[in-house]
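Reading through the structure tokens given below for one structure.
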Number of protein chains: 2
Amino acid sequence: MTDDGPTGDDLVEMLAALANPLRLRIIAALAGGRDYVSHLAREIGVSRPLLHMHLRRLEAAGLIVGSLELSPDGKAMKYYEVTGFDLRVNASVLAEAAKTLTRPDPDQGPGPKEHS
Amino acid sequence: MTDDGPTGDDLVEMLAALANPLRLRIIAALAGGRDYVSHLAREIGVSRPLLHMHLRRLEAAGLIVGSLELSPDGKAMKYYEVTGFDLRVNASVLAEAAKTLTRPDPDQGPGPKEHS
DNA sequence: TACATATGTAAGCTTCTTGTTACACGAGGA
DNA sequence: TCCTCGTGTAACAAGAAGCTTACATATGTA
């Protein structure tokens with residue numbers, strides 16, 4: 001129990017953000033260096049609005065971060081880069097994370113649950 | 001490169017299977033020991049058909065395995081248990097897995113892709 | 001026979017996700 | 001002024017995912 005890891009809800013959000021081929025490709029592209037939106041869209045071969053949506057999802061999960069900067073010629077460019085996330089995913093880690101789940105609990109009352 | 005890990009498509013399927021609170025709870029319950037469907041449904045507090053669907057998804061991803069057995073009184077019981085999966089999830093692992101993605105590729109021709 | 005247990009599955013509905021097209025704004029260069 | 005390049009976002013269509021209710025089957029027991 002040296003590494004407590006993320007909350008159950010946070011973990012679900014991260015996993016959901018990564019469970020998509022296009023977003024995996026975005027991570028792969030950013031792993032080779034930071035890039036701005038329009039260039040990244042051309043690189044991967046998707047439309048900007050679509051990439052924008054996926055970037056928001058990845059950033060909301062804390063897997064990438066974006067910073068709005070100004071290029072030498074004055075244009076506003078939004079650069080994204082990967083954060084230093086490193087997850088371990090196995091049964092015990094998931095069981096630990098599941099304890100802190102709050103979302104779709106059919107009856108999450110504080111009452112004691114009988115064991116079968 | 002000691003551990004090549006799963007294919008990109010397989011990884012996406014695993015992550016998608018885990019990116020769900022209810023399925024996370026199923027994994028957590030099975031991490032404490034194998035169980036059969038009806039009992040597991042009561043334990044977690046969901047309907048059997050719903051649990052059945054999630055179990056299929058988890059089994060398709062290779063995270064759990066089920067075996068149909070007969071109880072001492074002759075009833076058919078399907079027991080599920082977790083497999084020994086243990087994933088490492090970070091930017092370089094994902095970048096490596098993204099190379100083997102086949103699914104939603106806008107133009108996945110074998111031709112060389114020019115670098116910007 | 002009737003009831004309890006176990007299994008699986010099909011139909012239908014609702015919500016989320018994915019992707020497109022179109023629009024709006026700002027700044028530099030011809 | 002007009003064009004190009006950058007940003008963001010709203011509206012809409014199509015598909016997948018999640019969940020419920022209902023049905024069908026098999027076996028042991030009262």
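Computed from a predicted model, the values in this text were never measured in an experiment.
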So which nucleotide from [options] ends up closest to the side chain of [X]?
X: B:Val37; options: C:dG8, C:dT18, D:dC19; result: C:dG8
X: A:Ser47; options: C:dT20, D:dG6, D:dT20; result: C:dT20
X: B:His52; options: D:dC19, C:dG8, C:dT18; result: C:dG8

Q. Any Lys/Arg nitrogen of A:Glu69 or A:Arg34 sitting under 4.0 Å from an Asp/Glu carboxylate oxygen of the other?
A. yes
Just N and O in the side chain of [X]: are any of them under 4.0 Å from OP1 or OP2 of [N]?
X: A:Arg23; N: C:dT18; result: yes
X: B:Asn20; N: D:dG18; result: yes
X: B:His39; N: C:dT5; result: no

Using atom [atom1] of [X] as one end and atom [atom2] of [N] as the other, report the distance to the nearest whole Å.
X: B:Leu15; N: D:dA17; atom1: CG; atom2: P; result: 14 Å
X: A:Met53; N: D:dT7; atom1: CE; atom2: C1'; result: 17 Å
X: B:Leu51; N: C:dG8; atom1: CG; atom2: C1'; result: 12 Å
X: B:Leu55; N: C:dG8; atom1: CG; atom2: P; result: 9 Å
X: B:Arg56; N: D:dC19; atom1: CZ; atom2: P; result: 16 Å
X: A:His54; N: C:dT17; atom1: NE2; atom2: P; result: 12 Å
X: A:Asp35; N: D:dG6; atom1: CG; atom2: C1'; result: 13 Å
X: A:Leu50; N: D:dA10; atom1: CG; atom2: P; result: 16 Å

Q: Examine the side chains of A:Ser71 and A:Asp73 and answer whether a donor and an acceptor come within less than 3.5 Å of each other.
A: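 Looking only at side-chain atoms, A:Asp73 and A:Ser71 do form a donor-acceptor pair, the distance falling under 3.5 Å.
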Q: Name every residue in residues 67-81 of chain B that has at least one heavy atom under 4.0 Å from any atom of DNA chain C, in order of residue number, or write none if there are no such residues.
A: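 B:Lys75, B:Ala76, B:Met77, B:Lys78, in order of number.
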[X] side-chain N/O to [Y] backbone N/O, donor-acceptor pair under 3.5 Å:
X: B:Glu43; Y: B:Ala29; result: no
X: B:Thr100; Y: B:Thr7; result: no
X: B:Thr83; Y: B:Gly62; result: yes

Q) Relative to the 5' end of DNA chain C, which residue comes earlier, A:Pro49 or A:Ala16, by the nucleotide with the nearest heavy atom? A)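 It is A:Ala16, whose closest nucleotide lies nearer the 5' terminus.
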Q | 5' priority, DNA chain C, between A:Arg57 and B:Tyr36 [closest heavy atom] | A | B:Tyr36
**Q.** B:Leu15 side chain near A:Asn20 side chain, heavy-atom distance below 4.5 Å
**A.** no
Q | Heavy-atom pair with the smallest gap, counting every atom of B:Leu68 and B:Ala76 | A | CD1-CB, 4.3 Å
Q.
Classify B:Arg48 by what it touches in the nucleic acid, base, sugar-phosphate, or nothing, heavy-atom distance under 4.0 Å.
A.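 Base contact - B:Arg48 has a heavy atom under 4.0 Å of at least one base atom.
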